[in-house]
Protein chains: 2
Amino acid sequence: MRAALDTVREDGLAAASARTIAARAEVNQALIFYHFQTVSGLLEAASNRAVDESVAHYREAFAGSESLTDLLGVGRALHDRERRNGNVALMAQLMSGARQDPVLARASHYAVSAWTDEIAVALDRLLATSPVADLVDSAGLADAVAAGFIGLELYDGVDPDGASRALETLGSLAQLIDVVDGLGPVARRALRTQLGAASRPNRSRR
Amino acid sequence: MRAALDTVREDGLAAASARTIAARAEVNQALIFYHFQTVSGLLEAASNRAVDESVAHYREAFAGSESLTDLLGVGRALHDRERRNGNVALMAQLMSGARQDPVLARASHYAVSAWTDEIAVALDRLLATSPVADLVDSAGLADAVAAGFIGLELYDGVDPDGASRALETLGSLAQLIDVVDGLGPVARRALRTQLGAASRPNRSRR
DNA sequence: GTCTATAAGATGATAGAC
DNA sequence: GTCTATCATCTTATAGAC
């Protein structure tokens with residue numbers, strides 16, 4: 001399983017054949033089919049296990065965050081770490097293969113849900129007392145963040161300068177949320193009125 | 001070239017072999033190597049041509065936009081159209097293949113740059129008179145938007161509900177930019193002070 | 001469980017007829 | 001320019017020895 005993930009991380013999904021994976025693991029190619037039926041089956045089992053481990057590794061940090069700024073910090077550390085260890089690249093490869101392979105689609109869904117569920121719980125808790133809750137849906141924000149990570153990873157492979165520019169810009173936009181989060185009650189009401197005026201048909205008014 | 005792109009759009013990069021493409025075009029497989037040397041060479045030529053056409057199709061709309069709200073509307077229409085016709089999926093596939101194939105990397109870079117250059121020009125023009133210019137870099141924002149499109153496309157293949165939630169949430173965040181864009185001079189100054197306080201070490205102070 | 005051997009087929013790419 | 005034919009190599013997957 002380790003060899004399978006390392007192959008995808010380093011050489012991409014296209015290079016992840018039974019033979020190349022087996023060679024890296026220094027075992028015979030036939031063993032993959034004996035234990036996992038198909039190559040995709042191996043990738044799914046390996047990915048699920050790795051995701052469970054990674055998510056568990058961040059559970060405490062998520063639960064311990066006490067403000068959106070805290071959570072943003074955890075998110076940055078997470079992104080940095082998971083990117084460096086190649087897990088973001090791994091996910092991007094699995095997701096691009098998911099289009100044609102239902103087993104990879106299931107594995108990708110599992111991975112994405114594991115992360116976003118965890119993030120959404122933390123967001124829900126922290127947004128409860130914040131005016132930002134009026135602006136965004138926690139599950140939607142978690143999904144957007146996850147999709148952004150994947151997109152940035154692919155972008156980075158094609159235009160590294162562009163990717164870091166994008167990341168920096170998103171950082172300054174996140175500050176905007178931060179400022180709104182810290183707003184006093186008067187400013188909150190003013191903002192809410194402004195947002196109401198800016199044509200938003202999709203939220204019921206209390 | 002049309003057959004090549006349709007194959008990637010519909011069946012993914014992994015299915016885009018010389019034989020499958022040639023079969024779709026109802027020509028002989030050897031012709032691909034005669035005209036384009038390699039399969040990647042064909043994909044690059046086809047992608048470059050398609051990108052040039054698509055970008056040209058939106059040039060007027062970009063140039064004609066007179067506010068950030070306008071531009072956001074153009075962006076939404078663009079995303080909707082390019083997603084429906086499969087061009088976003090195509091890009092995501094090329095970018096995921098770019099990791100291992102330098103020709104696909106070059107093609108992806110060309111495509112991404114063609115779009116972001118166009119968007120950045122429009123943003124530069126519109127941000128000139130807006131307080132948002134203090135917040136974000138136009139090139140960085142263009143990159144972030146492009147990366148977001150790609151990420152959302154992959155996400156959509158794995159969790160369609162999550163992808164639409166994410167898109168909706170991003171829409172409500174965009175409204176925040178909209179509100180800041182419409183701020184009067186007093187509110188602008190207040191916001192700028194708030195942002196200054198929110199620890200931002202990466203921008204020189206005038 | 002791990003191996004060898006092998007089947008059955010797909011792939012990129014080229015040579016050469018027309 | 002387009003084709004047929006072909007090579008060498010890779011692929012997933014299985015049968016069967018140990």
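Chain A is the first sequence line, chain B the second, and so forth, proteins listed ahead of strands; every chain is numbered from 1.
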Flag the pair B:D80 and B:R84 as a salt bridge only when some basic side-chain nitrogen lies within less than 4.0 angstrom of an acidic carboxylate oxygen. yes

Can any side-chain N or O of B:T116 pair as donor or acceptor with the backbone N or O of B:A142 at less than 3.5 Å? no

Check this for me, if you would: do B:R24 and B:E10 make a salt bridge, where the nitrogen-to-carboxylate-oxygen distance has to be below 4.0 angstrom? yes

Got a sec, which pairs hit salt bridge (Lys or Arg N to Asp or Glu O under 4.0 Å) with one end in residues 141-155 of chain B, sequence neighbours left out? A:R99-B:E153, A:R165-B:D143, B:R83-B:E153

Between residues 3-14 of chain B and DNA chain C, which residues have a heavy-atom gap below 4.0 Å? none

Can you list everything that forms a salt bridge (charged side-chain N to carboxylate O under 4.0 Å, His left out) with A:D101? Sequence neighbours excluded, please. none

Could you tell me how far apart A:F33 (CZ) and D:dT11 (P) are, to the nearest whole angstrom? 10 Å

Decide yes or no for B:W115 and B:L78: does some side-chain heavy atom of the first lie under 4.5 Å from some side-chain heavy atom of the second? yes

For nucleotides 4-10 of chain C, 5' to 3', base contacts (B), sugar-phosphate-only contacts (S) and non-contacts (-) with protein non-hydrogen atoms under 4.0 Å give B-B----

Is the backbone of B:S17 close enough, under 3.5 Å, to the side chain of B:T20 for a donor and an acceptor to pair up by distance? yes

If you check every side-chain atom of B:T20, which of C:dT11, C:dG1, D:dA13 has the closest atom? C:dT11

Tell me: CD of B:E26 to C1' of D:dG1, nearest whole Å? 18 Å

Listed partners of B:D161 passing salt bridge (charged side-chain N to carboxylate O under 4.0 Å, His left out), at least two apart: none

Per the under-4.0 Å heavy-atom filter, residues of residues 34-44 of chain B near DNA chain D come out as B:Y34, B:H35

d(CD1, A:I21; C1', D:dC10) in whole Å: 15 Å

Give a yes or no on whether a salt bridge exists between A:D6 and A:R9, defined as a side-chain N under 4.0 angstrom from a carboxylate O. yes

Please answer whether the main-chain N or O of B:V158 pairs with a side-chain N or O of A:H109 as donor and acceptor at a distance below 3.5 Å. yes

